[in-house]
Amino acid sequence: MVSGFTADAAEKEKEILNVAHRGASGYAPEHTLIAYKMGEQMHGDYIEVDLQMTKDGELIAMHDETLDRTTNGTGQVKDYTLEEIKELDAGSWFNEKYPEKANPEYEGLKVPTLEEVFKTFGKNANYYIETKSPEVYPGMEEKLAEMVDEYGINKDTLLVQSFSSASLLKMNEIDPSIKLVQLMWYTSPAAVSDAEVQAIKQYAVGIGPNSAMIDKEYVQKTVQNGLEIHPYTVNEKEEMQKLIDWGVTGMFTNFPDLLNEVKKGR
C-alpha cells in the first residue's frame, strides 16, 4: 500500500481490488472459463474460484455443494467422479434464467477443474480461491497447496479465502507463504471486536464481510488495524462508490466493468 500521506484519493481508488465474483457472473454462467475470461477483459484484478471436490479427489470450480443449480445434474458433488461431472452442461441454466443475456455459446459449457483454470490463465494471473465446505472434503487444503506449487502460481498475489477459520489455519500450517482472507457472514449489523481483529491478524491479511451489513466504522476499524477488507457482492455503482468512500481495499462484484467505471470516475 502507498503510505497515506503520499497517496491522494485517486491513487487510493486505483488500488481497490476489483474481484470478478465467480468470474464476470453477471454476464456469463458463473465458474466457467468464459466467465473468468470476461472478468479479465472487464478489468477484474482477480479471478475468483470457489472449490468443491469430486468423489475421486479432484478440485473443481463450483459454488454449491450440489450440482442442481448450475448444471443439468442433481445431487452432491462429492458423490460424482470428475468424469461424470464433465458430462454435465454448466451453461444452459444461465440462458434460461437470464434470457436477456442468453448466448448460444453458453450451452453445453463444462465445469472446469482448478487445474484447467491454472493452465488456461497461467501462473501469473491473480487468483482468489475459496475453500468451500472444507469439512465435507478432507484433504482439500493439501490438494490446493500441491497444485499451487505444481503450477508455480504466483504466491505474491494469490489469496485463499474461507468462512472456515479451521481451513485457513490448516492452509497456514501447510504453506505459511500463502496469504489468507477470513470470510465473514453477518445476519445483523456487523461489528468486530479488537480481540477478533487480533485473532484474525494471526493468520490472515484481510477479511471479506457481506457488504449489506457493514458500515463506515466497521471498515475503518478493520483498515486501521492493518487488515485488508473486501466486501461481497457489490453490483450497484452507488454502493461501490459508498464503499470506496468508506475506505474498503477491494470488493467482489458480478459486474467488474461497472467497478472499473466507478474507479475511473465514470
Side-chain angles (χ1 to χ4, degrees), residues 18-42 44 46-122 125-134 136-137 139-140 143-144 147-148 150-151 153 159-163 183 232-233 235 252-258:
N18 182 347
V19 186
H21 182 242
R22 312 181 192 175
S25 57
Y27 299 104
E30 65 182 62
H31 294 311
T32 57
L33 294 177
I34 284 185
Y36 296 150
K37 282 179 181 151
M38 284 175 86
E40 277 201 326
Q41 287 157 1
M42 292 176 174
Y46 271 80
I47 294 170
E48 192 223 3
V49 186
D50 290 323
L51 295 182
Q52 305 286 343
M53 205 171 191
T54 64
K55 189 178 182 176
D56 47 350
E58 296 297 331
L59 294 176
I60 60 165
M62 190 174 284
H63 179 272
D64 299 2
E65 276 173 63
T66 54
L67 300 164
D68 306 60
R69 183 174 64 86
T70 57
T71 76
N72 59 342
T74 54
Q76 303 275 325
V77 171
K78 68 178 173 60
D79 295 335
Y80 290 88
T81 64
L82 178 61
E83 195 181 347
E84 289 167 330
I85 287 172
K86 277 292 183 187
E87 286 168 13
L88 301 174
D89 175 338
S92 293
W93 68 273
F94 183 90
N95 290 351
E96 285 156 30
K97 191 169 178 188
Y98 306 106
E100 72 288 358
K101 292 176 185 163
N103 182 331
E105 280 181 34
Y106 297 163
E107 286 166 31
L109 287 178
K110 299 296 174 208
V111 174
T113 60
L114 181 61
E115 184 170 23
E116 284 170 302
V117 176
F118 285 169
K119 280 181 173 167
T120 303
F121 296 96
N126 299 336
Y127 299 102
Y128 210 133
I129 299 175
E130 181 174 347
T131 57
K132 279 273 175 204
S133 318
V136 178
Y137 307 113
M140 177 182 252
K143 179 87 180 174
L144 171 56
M147 291 188 65
V148 163
E150 187 183 332
Y151 285 92
I153 301 304
L159 293 168
V160 172
Q161 61 177 344
S162 190
F163 285 101
L183 285 167
Y232 63 91
T233 304
N235 293 326
F252 291 82
T253 177
N254 298 344
F255 302 96
D257 55 334
L258 295 185

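Quantities reported herein were computed from a predicted structural model and do not represent experimental measurements.
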For the atom pair OH (Tyr232) and CG (Leu183), what is the distance rounded to the nearest 0.5 Å? 6.0 Å
Contact between Thr120 and Lys37 at the side-chain level, heavy atoms closer than 4.5 Å - yes or no? yes
Would Val111 and His31 count as a side chain to side chain contact (heavy atoms under 4.5 Å, CB included) if you check the C-alpha gap in whole Å, the side-chain angles of each, and the deciding distance to 0.1 Å? CA-CA 7 Å; Val111 174; His31 294 311; over 6 Å; no
Heavy-atom side-chain contact between Val117 and Tyr127 under 4.5 Å: yes
I need the minimum non-hydrogen distance between Leu109 and Pro29, along with the two atoms involved. CD1-CG, 4.0 Å
Side chain Asp56, main chain Leu82, donor-acceptor under 3.5 Å: yes
Could you check Ile129 against Leu114 for side chain to side chain contact (heavy atoms under 4.5 Å, CB included), going step by step and ending with a plain yes or no? CA-CA 10 Å; Ile129 299 175; Leu114 181 61; 4.1 Å; yes
Partners meeting ring pair (Phe, Tyr, Trp, His ring centres under 6.0 Å) with Phe255 (sequence neighbours left out): Tyr27
Heavy-atom neighbours of Glu84 CD exceed 12 at 6.0 Å: yes
Gap separating the CG atom of Asp79 from the OG1 atom of Thr54, nearest 0.5 angstrom: 11.0 Å
Phe121/Leu33 under side chain to side chain contact (heavy atoms under 4.5 Å, CB included): CA gap, chis, key distance, verdict: CA-CA 9 Å; Phe121 296 96; Leu33 294 177; 4.0 Å; yes
d(Met42 CE, Thr253 OG1) to nearest 0.5 Å is 10.5 Å
Could you check if a side-chain atom of Leu51 sits within less than 4.5 angstrom of a side-chain atom of Tyr137, using non-hydrogen atoms only? no
On a heavy-atom basis, the closest approach of Ala61 and Tyr36 is CB-OH, 3.3 Å
The single option from Lys110, Glu116, Glu115 passing side-chain hydrogen bond (donor to acceptor under 3.5 Å, both in side chains) against Thr113: Glu116
In Å, rounded to the nearest 0.5 Å, how long is the span from CG of Leu59 to CG of Asp50? 12.0 Å
Shortest non-hydrogen separation from Ala20 to Pro256 and the atoms involved: CB-CG, 4.0 Å
Would you say the side chain of Val148 lies within less than 4.5 Å of the side chain of Val160, judging by non-hydrogen atoms? no
Any side-chain hydrogen bond (donor to acceptor under 3.5 Å, both in side chains) involving residues 65-77? Give me the pairs, sequence neighbours left out, ordered by first then second residue. Glu30-Arg69, Asp64-Arg69, Glu65-Ser133
When rounded to the nearest 0.5 angstrom, what is the spacing between CG in Leu159 and OH in Tyr128? 5.0 Å
Measuring from Ile60:CD1 to Ile85:CD1, what's the distance to the nearest 0.5 Å? 4.0 Å
Non-hydrogen atoms of Asn254 and Ser25 that approach each other most closely: OD1-OG, 3.0 Å
So which heavy atom on Lys132 is nearest to which on His63, and how close? NZ-NE2, 3.3 Å
Any donor-acceptor pair under 3.5 Å linking the side chain of Glu48 with the backbone of Arg22? yes
Greater than 12 external heavy atoms within 6.0 Å of Lys86's NZ: yes
What residue pairs, at least two apart or across chains, pass salt bridge (charged side-chain N to carboxylate O under 4.0 Å, His left out) with a residue in residues 88-102? none
Distance-only, no hydrogens or angles: does the Ser162 side chain make a donor-acceptor pair with backbone N or O of Thr131 under 3.5 Å? yes
Flag the pair Gln161 / Phe252 as yes when at least one side-chain heavy-atom distance between them is below 4.5 Å, and no otherwise. yes
Looking only at non-hydrogen atoms, find the nearest pair between Met38 and Ala24 and report the distance. CB-CB, 3.8 Å
Aromatic ring pairing Tyr151/Phe118, orientation class (parallel under 30°, perpendicular over 60°, tilted between): tilted
